[in-house]
Protein chains: 2
Amino acid sequence: MAKVGIKLVAAMAGVSPATVSRALSGKPVDAEMRARVEEAVRATGYRPNLAARRLRSRESGTIGLIVADIRNPFFTAVSRAVEDVAFAHGLRVILCNTDENPEKEAMYLRLMEEERVTGVIFAPTRHTAPKVAVSRHAFPVVLIDRSAPTVLHDAVVLDNARAAAALVEHLHGRGYRRIVGLFGAASTTGVERRGGYEAAMRRLGLVPAATFLDHGGTATEQCVADLLATPERPEAILASNGLMLLGVARALLRAGIHIPADIGLAGFDNEPWTELVGAGITVMEQPVEEIGRNAMAMLFDRGANPAAAARRIVLQATCIVRGSTPGPGSPQP
Amino acid sequence: MAKVGIKLVAAMAGVSPATVSRALSGKPVDAEMRARVEEAVRATGYRPNLAARRLRSRESGTIGLIVADIRNPFFTAVSRAVEDVAFAHGLRVILCNTDENPEKEAMYLRLMEEERVTGVIFAPTRHTAPKVAVSRHAFPVVLIDRSAPTVLHDAVVLDNARAAAALVEHLHGRGYRRIVGLFGAASTTGVERRGGYEAAMRRLGLVPAATFLDHGGTATEQCVADLLATPERPEAILASNGLMLLGVARALLRAGIHIPADIGLAGFDNEPWTELVGAGITVMEQPVEEIGRNAMAMLFDRGANPAAAARRIVLQATCIVRGSTPGPGSPQP
DNA sequence: TCCTGACAAGAAAACGTTTTCTCATTTCGA
DNA sequence: TCGAAATGAGAAAACGTTTTCTTGTCAGGA
């Protein structure tokens with residue numbers, strides 16, 4: 001059985017390879033010839049070779065999605081939105097997990113260049129964010145979630161400072177005073193949220209007590225254990241992302257500390273489970289699908305208009321108040 | 001600035017393109033020439049064009065991962081394991097979400113053929129599983145999670161019937177009798193778990209009461225609401241995957257039914273949050289990383305030995321008993 | 001009627017690599 | 001010392017498409 005390529009199809013349909021190509025890509029072709037081509041394609045089970053197509057046409061129809069860890073529910077949700085939009089436009093998505101590791105980031109970016117991708121959606125580590133901000137690539141890059149100020153790349157981010165401040169204000173309004181903040185060390189997001197937290201604390205006459213935590217591992221649980229051992233136990237804890245929030249909740253459980261009777265808890269990312277633990281956990285909800293969709297839209301815009309000035313879309317989080325922050329000394333339900 | 005390709009590098013290094021190719025792919029090349037090539041690569045910022053490389057060498061270095069929904073934590077975890085192994089072997093991963101939609105499945109499989117992928121890891125819908133079982137492809141396929149019995153493809157699955165039975169036995173042992181099972185309609189997994197559930201129920205002299213639920217939407221919550229309205233409210237509910245378990249927990253919360261005081265709850269997938277709601281939820285834990293790693297290993301084995309008989313790896317789940325199943329009428333903590 | 005422009009189809013070039021083929025040089029054994 | 005085998009490098013073919021270039025036909029205007 002001869003290899004089935006465009007030439008075989010062409011021979012079978014009695015036309016030239018060029019005509020097959022045109023027929024398959026919807027260019028004007030005589031109706032009868034088109035029918036013959038389609039018949040031949042069906043008969044042979046022909047599948048165009050995307051590598052050859054890409055080589056010649058010089059477009060990959062592929063985008064890269066580079067995130068820290070797909071298991072972080074924030075990235076899971078974003079990636080799903082990205083994949084949906086890509087699918088609708090006939091694009092493939094290559095998924096890359098960096099584990100906040102700059103070397104993996106660099107190697108994946110290099111890979112994207114070799115793939116000649118149409119574009120990349122990228123959540124850089126804090127460590128590499130400044131370098132990324134000034135790095136030029138052969139493809140458009142849209143930064144998500146994390147981004148140093150940059151005039152080179154588009155970005156869609158959250159108003160992190162404001163979101164953190166909103167959470168502090170909520171806690172303050174409920175009567176909490178000793179509010180400890182836990183922030184991710186690996187992302188600019190963590191830094192910005194910490195900034196918002198500290199500013200809001202000071203504005204309200206409170207003393208900030210922020211800690212940066214490493215990504216992964218048991219850092220969060222260890223830190224919470226330490227906090228609980230201090231003489232002046234915090235009245236409330238603020239966790240700056242969904243993974244940390246989970247870690248804090250777990251650590252409190254281990255320590256036998258009850259939410260909200262013994263301590264208040266609030267965090268980021270409205271994951272489904274936050275509704276379920278205890279009387280629910282107060283969270284700032286990020287518009288995850290919107291972030292993904294916006295990022296894809298920016299990628300397309302950029303492709304259409306490479307010279308335009310970089311844009312930055314800043315989205316707002318929504319505060320969802322639940323039972324974990326009733327105020328210190330609230331009567332038990 | 002001339003386009004930087006292998007020819008430019010070759011000219012700059014004073015060697016032939018073939019030598020550059022050999023030097024870059026680690027084939028034996030004179031040390032000094034190799035050094036010159038590397039220097040030229042550095043100077044030009046040369047990036048090999050993967051499309052051209054794939055076209056000529058006839059291997060894509062890419063695998064496809066086709067799952068129902070990356071937001072399902074089971075698939076999230078599997079995909080992460082898959083990506084890790086792929087990365088370690090220098091392979092790219094294309095991620096595909098089918099939403100249990102056979103048309104999307106078919107189109108993604110066609111896409112994989114066009115990509116000439118090295119292999120595909122695939123969790124087919126129940127509806128397509130029988131067709132998949134007899135479908136031949138140009139690439140090896142490893143089925144995960146779901147699989148009709150097939151002699152064509154390798155598969156790594158859970159011992160679903162046994163896992164469901166184990167859960168029933170646990171509930172029975174704790175004194176529950178009216179145990180309702182909720183199963184996913186879209187997957188063979190759901191069917192197998194239901195089988196295990198019903199067999200175990202009968203064996204123990206109980207009356208099975210199984211319901212198949214559609215994927216997505218609010219089917220789960222609606223169903224639970226209906227169940228609670230029946231005259232003989234179930235003593236315990238068994239949910240056959242993590243998403244359903246979440247739906248059940250949410251529905252119970254909405255209805256003001258307390259776990260475990262008013263009802264027992266157990267399910268599949270040891271997601272982090274299951275430890276946190278109430279006194280923890282009893283679950284069957286699937287070895288998710290192992291599933292991903294095994295699937296990749298089978299893909300490699302198959303590549304090395306295409307003619308070998310198809311294998312089927314059946315993994316066991318682990319029962320993790322928590323506070324949600326103390327037995328009916330247990331004293332409250 | 002003839003010329004021009006529009007259009008569709010075929011022929012051939014091009015995309016950027018890897019691989020095969022060929023040749024020259026070196027190495028080893030007899 | 002000579003011939004054979006082994007080695008490494010260059011030339012050229014090949015991978016399977018799309019695109020450009022060319023040619024031919026047909027329609028419409030002068």
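Quick note: numbers below take in every heavy atom, side chains included, and nothing from hydrogens, waters or symmetry partners. Letters A, B, ... are given to chains in the order of the sequence lines, protein chains preceding strands, and every chain is numbered from 1.
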Practice task
Using modelled atom types only, decide if a donor and an acceptor are shared between the side chain of D154(A) and the backbone of V142(A) within a distance under 3.5 Å.
Solution key: no
Handout entry: Length of the line joining D30(B):CG and dA9(D):P, which is rounded to integer Å
Key = 5 Å
Exercise for the section: Could you tell me if the ring centre of H153(B) sits under 6.0 Å from that of F122(B)? Expected result: no
Practice task
Applying side-chain contact (heavy atoms from CB on, under 4.5 Å) between S79(A) and each of L65(A), D84(A), V93(A), report the one that passes.
Solution key: L65(A)
Problem - From dG8(D), dA9(D), dG10(C), nucleotide with atom closest to T19(A) side chain - result: dG10(C)
Exercise for the section: Run the numbers on E115(A) and R92(B) for salt bridge (Lys or Arg N to Asp or Glu O under 4.0 Å), then give the verdict. Expected result: CA-CA 10 Å; E115(A) 290 279 0; R92(B) 266 72 58 199; 3.4 Å; yes
Fill in the blank from the handout: Quick tally for nucleotides 16-25 of chain D: nucleotides whose base has a protein heavy atom under 4.0 Å get B, sugar-phosphate-only ones S, the rest -, giving BBBBB-----
Handout entry: Length of the CE-P vector between M33(A) and dA9(C), whole Å
Key = 5 Å
Exercise for the section: Find out whether F74(B) and L158(B) are in side-chain contact, i.e. whether some heavy atom of one side chain is under 4.5 Å from a heavy atom of the other. Expected result: no
Fill in the blank from the handout: Between CZ of R34(B) and P of dG8(D) the distance, given in whole Å, is 10 Å
Exercise for the section: Evaluate the side chain to side chain contact (heavy atoms under 4.5 Å, CB included) criterion for residues E39(A) and M12(A): first the C-alpha distance (whole Å), next the side-chain angles of each, then the deciding distance (0.1 Å), finally the verdict. Expected result: CA-CA 9 Å; E39(A) 174 54 29; M12(A) 182 161 301; over 6 Å; no
